Engineer: 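Below you will find the structure I want to go over with you.
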Amino acid sequence: MKRRVLTAFGTLTAALLLAASTATTAHAADGVLTINYTAYRDPAGCYQISGFFPYKIDNRTDENAVVHTGWRCDGERLALVRPGETHYGELGHSLYIP
């Protein structure tokens with residue numbers, strides 16, 4: 001009986017380790033995101049849009065970027081800037097890219 005419990009525990013542990021090792025990890029977008037005149041290589045996360053209005057977003061990455069009304073990528077979603085697109089706007093204060 002004790003041997004079966006140890007075997008079952010070993011099998012469960014091996015399965016958990018295998019699942020953990022094959023899980024995908026978070027990564028930055030590949031490419032360059034330009035907000036006004038500042039370029040970010042392989043960006044990830046929240047960026048403030050400041051300095052120029054109307055602002056210009058140039059998304060040369062492989063991910064979508066979302067413009068928000070709030071300063072911390074919160075508030076209303078104003079625009080989706082797809083890979084390869086350039087977006088001009090006046091009301092956005094932050095941008096999120098995964």
Side-chain angles (χ1 to χ4, degrees):
M1 178 70 167
K2 188 175 183 181
R3 186 174 182 98
R4 285 187 194 171
V5 171
L6 289 175
T7 302
F9 181 76
T11 303
L12 178 62
T13 302
L16 289 174
L17 288 173
L18 180 62
S21 67
T22 59
T24 58
T25 58
H27 71 284
D30 292 328
V32 177
L33 175 72
T34 304
I35 301 173
N36 294 319
Y37 296 99
T38 304
Y40 302 94
R41 177 163 296 285
D42 299 335
C46 186
Y47 296 85
Q48 287 191 352
I49 301 171
S50 61
F52 301 92
F53 290 95
Y55 59 82
K56 177 183 176 183
I57 306 293
D58 189 27
N59 186 3
R60 302 293 171 215
T61 71
D62 61 348
E63 295 284 345
N64 291 327
V66 181
V67 178
H68 293 268
T69 57
W71 288 103
R72 294 186 180 116
C73 294
D74 55 357
E76 186 178 333
R77 291 181 178 191
L78 293 177
L80 176 68
V81 187
R82 291 184 171 86
E85 289 184 347
T86 299
H87 170 76
Y88 296 89
E90 295 181 4
L91 301 176
H93 291 335
S94 60
L95 176 141
Y96 179 79
I97 188 162

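Values below: all heavy atoms of this structure, side chains included; hydrogens, waters and symmetry mates excluded. Note that the coordinates shown come from a computational prediction; the quantities given were computed from them, not determined experimentally.
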Engineer: Looking only at non-hydrogen atoms, find the nearest pair between Asn64 and Pro83 and report the distance.
Structural biologist: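 Minimum heavy-atom separation between Asn64 and Pro83: OD1-CD, 3.1 Å.
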Engineer: Could you see if Leu95 belongs to whatever hydrophobic cluster contains Tyr55? Use Ile, Leu, Val, Met, Phe, Trp, Tyr and a side-chain cutoff under 4.5 Å.
Structural biologist: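 In one cluster: yes.
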Engineer: Report yes or no: do Leu91 and Val67 belong to one cluster of Ile/Leu/Val/Met/Phe/Trp/Tyr joined by side chain heavy-atom distances under 4.5 Å?
Structural biologist: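 Hydrophobic grouping puts Leu91 with Val67.
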Engineer: Answer yes if Tyr40 and Tyr96 sit in the same cluster of Ile, Leu, Val, Met, Phe, Trp and Tyr residues linked by side chain heavy atoms under 4.5 Å apart, and no otherwise.
Structural biologist: no
Engineer: At what distance, to the nearest 0.5 angstrom, does CD1 of Ile57 lie from CD of Glu85?
Structural biologist: 12.0 Å
Engineer: Hey, any chance Tyr47 and Ile49 share a hydrophobic cluster, counting ILVMFWY side chains that come within less than 4.5 Å of each other, even indirectly?
Structural biologist: yes
Engineer: If you group Ile, Leu, Val, Met, Phe, Trp and Tyr by side-chain heavy-atom gaps below 4.5 Å, do Val81 and Val32 land in one group?
Structural biologist: no
Engineer: Find the distance between CG (Leu33) and CG (Asn59) and round it off to the nearest 0.5 Å.
Structural biologist: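 That separation rounds to 5.5 Å.
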Engineer: Do NZ/NE/NH1/NH2 and the carboxylate oxygens of Asp58 and Arg60 come within less than 4.0 Å?
Structural biologist: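 So Asp58 pairs with Arg60 through a salt bridge.
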Engineer: If you take all heavy atoms of Pro43 and Ala28, which pair is closest and at what distance?
Structural biologist: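 So the two residues come closest at O-CB, 3.6 Å.
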Engineer: Looking at OG1 of Thr34 and CZ of Arg41, how far apart are the two atoms once the value is rounded to the nearest 0.5 Å?
Structural biologist: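 Spacing of OG1 (Thr34) from CZ (Arg41) equals 9.5 Å.
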Engineer: Measuring from His68:NE2 to His93:NE2, what's the distance to the nearest 0.5 Å?
Structural biologist: 13.0 Å
Engineer: Which value, rounded to the nearest 0.5 Å, describes the distance between Ser50 atom OG and Asn36 atom CG?
Structural biologist: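 Going from OG on Ser50 over to CG on Asn36, the span is 7.5 Å.
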Engineer: Shortest non-hydrogen contact from Trp71 to Ser94?
Structural biologist: O-CB, 3.7 Å
